[in-house]
Each structure stands twice: as structure tokens, then as C-alpha cells.
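In the text below, chain A, chain B and the rest are named by the order of the sequence lines, each starting its count at 1.
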Amino acid sequence: MSYWSSWHDFLAMGGYAGFVWGSYAVTALALAAEVFWVSGRRRAALAHAAIARELREREAS
Amino acid sequence: MAIPWFKYASPASFYGLAGRMVPWFTALAIASALVGLWIGLVAAPTDFQQGDSYRIIYIHVPAAWMGMFVYLVMAGWAAAGLVFNTRLSGMMVQALAPTGALFTFIALWTGALWGRPTWGAYWVWDARLTSTLILLFLYLGYLALRASIDDARRADRAGAVLVLVGAINVPIIYFSVRWWNTLHQGASVNLQGSSMATVMLTGMLVMAFAAWMYTLAVSLARVRAIIIERERHAAWVAALPREGSPAGG
């Protein structure tokens, strides 16, 4: 089913390793960075909202 | 079937709905990306003209499609926001923009790495490439405009106008390869069919589906953060359980 004779053959990408893996690696890094950034953002927003609420409650009391 | 559209147009109910959808789209994105990568990198044969450099297509085309498609979805939300004055519309535009910009960047980056072995140049000022660069600048311009306006609702309206005016660029990108003499090749896939080998086409479409599911997952996750940021003084946000459950409530 595979067109590759070995791992080395696969990684070499017929001589285009830099171009092919450069595309795949940058895409993977960019998407991973976005997922990391987004998951932190909601936690930060919830923490901010909690602080704001506590400040309001303290002022009210 | 009655779908309570207006119920879900409220950020408070959409927050919960989006939270329930994110895990499904995430799972679909991971599963289809694994299948697509396997087809594209293992099952599909080497191209007889381009050798293995053509395997960039499995990222390049889905990324370019998503870059354009996300912009059109943003324009739709922007128009809805201007017409109905709903808060959620502006939040959706805000949530989609970074992902659209990212896919446009990926399309340009992988295009450069594909252009070098195929055309001999990383970049040419060709109509397709130039209009795609303008698309990236439209995304960045929208984000910069938002960042420069403190009031979120005013930022929504100003951003919506920018997004709608910029939408003219999307058909220009799409038809650029027909309207002008471009170095970039014409479309291999259109509604009439495809000029690609079946296995290659399948790999590309599966990767496009994965990009679609990824976009849904990440932009819904981002809109939840935006909803909390913008509604943090609302009573329903105060009533949310303290963070702890990974999926969120």
C-alpha cells in the first residue's frame, strides 16, 4: 500500500524534505500555538470575571 | 423542525451550546486529519511531474480554502450584526478572524515552499498570490482596528464595515487564475469535477474536512472566551461554577 521503501526514504521525500516537512512542521506549530493560546484565554477570562465579582462584593459589603 | 434561533443568539445560551459542540468538532478534526495525513503521505503515489513536492497540496489547498471561506463566514456574521444588532454576531466575527488569518498565513507559507521547487521562486507578484496577501492584510487590519477601539460594540460595527468592504477580495482571489494570466495554476477542483487522481483528491478533501472541523472547534472555543471577556459583569457569568471541570459548563 505504501510507496516508501524505508523510513529514510519517507523522510527524504524524494529530495524535497525541506519543502514538504517545512510546510507540515510550520502548520503543526501554528495550529498547536493557536490551540494553546485559545485554551488559556478562556481560563484567563474566567479568572478576570471572578476577580471583578469579588471586588464588587467587597464594595457592596 | 423549530430551531430556537433567537434563544441561541443570546451569548449566555450560545456559551453553553458552543461548549457542548467543541469536543465533537475536536474529535472529528483529529480523526479526519489522521486519515487525511495517512492518505496524503503514505497511500498516495508520487506525482509523475512534481515528485514528492506535490504533497504540500494536502495542506496548501485546504488552508487556502479555509482562508477564503472563513472570511465569507465572517462577512455573513458582520452583515447579520449590522442588520439585527445582535451581540453574538460581533463576537463570532472576532472569534473567526485569528483562525482565518492563520490559515491564510499557512496558505502563503506552504505556497512559497511549493513555489520554490516548482516555479523556481518563493514569491512572485502574481494575481493569485498578491490577492491572497491582501486577504491576510484584511484579517490583520480587522484585528488591528478592533484592538484600537475600546468599546466592544463600536468595534463590532467598525469591524463589520471593514470586513464587508473587504469581502470583494474573496471572489477576486478565487477567479484570479481565470481573469489574469497567472503563474499559479488554475483550479483542479470545481463543481464540474476534478482533474486530480482519485486518491490524491480524496486525501485533499479529507484534509479540507479536517481543517473545517478544526476551525469550528477552535473558533467556538475562542468565542466562549470572548463571551466571558465581554459579559464578565453579567449575572449569568457570575453564576458560572468556578473553573475546574476541563470541559467547562
Side-chain angles (χ1 to χ4, degrees), chain A, chain B residues 19 26 29 33 37-38 40-47 50-60 63 95 98-99 102-103 105-106 109-118 211 214 217-234 237-238 240 242-243 246 248:
Chain A
M1 195 67 202
S2 174
Y3 290 82
W4 310 105
S5 54
S6 65
W7 270 105
H8 180 263
D9 195 23
F10 174 66
L11 292 175
M13 274 291 149
Y16 295 105
F19 300 108
V20 174
W21 297 124
S23 297
Y24 281 80
V26 168
T27 304
L29 276 177
L31 299 188
E34 187 184 29
V35 168
F36 177 76
W37 175 41
V38 168
S39 60
R41 184 168 172 177
R42 194 171 64 94
R43 266 194 294 279
L46 282 168
H48 263 127
I51 292 168
R53 180 181 10 157
E54 261 160 42
L55 285 177
R56 274 199 311 277
E57 279 163 5
R58 212 173 293 172
E59 266 169 38
S61 63
Chain B
T26 306
L37 286 171
W38 187 82
L41 294 176
V42 181
T46 299
D47 185 73
Q50 298 190 19
D52 288 309
S53 70
Y54 98 92
R55 293 186 196 272
I56 294 172
I57 201 173
Y58 300 109
I59 296 182
H60 178 74
T99 303
L102 192 74
F103 275 119
F105 164 75
I106 290 171
W109 173 268
T110 55
L113 287 178
W114 197 3
R116 176 70 196 170
T118 319
Y214 171 86
V218 83
S219 54
L220 286 173
R222 187 183 287 111
V223 84
R224 298 185 84 214
I226 290 169
I227 288 172
I228 297 294
E229 286 167 7
R230 290 176 55 171
E231 306 261 307
R232 63 178 175 279
H233 299 301
V237 173
L240 284 177
R242 302 264 172 173
E243 195 63 346

Mind checking side chain to side chain contact (heavy atoms under 4.5 Å, CB included) for B:A112 and listing every partner two or more places apart, or none if nothing turns up? B:Y122

Toward chain A, the part of B:Y54 with a non-hydrogen atom under 4.5 Å: neither

Which donor-acceptor pairs under 3.5 Å do the side chains of residues 25-41 of chain A make with protein atoms, sequence neighbours left out?
from	atom 1	to	atom 2	distance (Å)
A:T27	OG1	A:S23	O	2.7
A:E34	OE1	B:Y214	OH	2.5
A:E34	OE2	B:T99	OG1	2.6
A:E34	OE2	B:R222	NH2	2.7
A:S39	OG	A:V35	O	3.1
A:S39	OG	A:F36	O	3.0
A:R41	NE	B:E229	OE2	2.7
A:R41	NH2	B:E229	OE1	3.1

Honestly, the part of B:H60 sitting under 4.5 Å from a heavy atom of chain A is neither

Would a 4.5 Å heavy-atom cut-off, applied to side chains only, mark A:R42 and B:I227 as touching? no

Would you name the heavy atoms of A:A45 and B:A225 that are closest together and state the gap between them? CB-O, 3.8 Å

One option among B:L102, B:V237, B:I226 has the most heavy-atom pairs under 4.5 Å with chain A, and it is B:L102

Among A:G18, A:A49, A:A12, single out the residue with the greatest number of heavy-atom pairs under 4.5 Å to chain B. A:A49

Assert top hit (heavy-atom pairs under 4.5 Å, partner chain A, pool B:I106, B:T46, B:V218, B:D52) equals B:D52

I need the residue from B:T110, B:I228, B:L41 with the largest number of non-hydrogen atom pairs under 4.5 Å to chain A. B:L41

So, taking the atom named CD1 in B:I56 and the one named OH in A:Y24, what distance separates them when rounded to the nearest 0.5 Å? 8.0 Å

Examine distances only and state if a side-chain atom of A:R53 and a backbone atom of B:A238 form a donor-acceptor pair shorter than 3.5 Å. yes

Less than 4.5 Å apart, side chain to side chain, heavy atoms only: is that true for B:P117 and A:Y16? yes

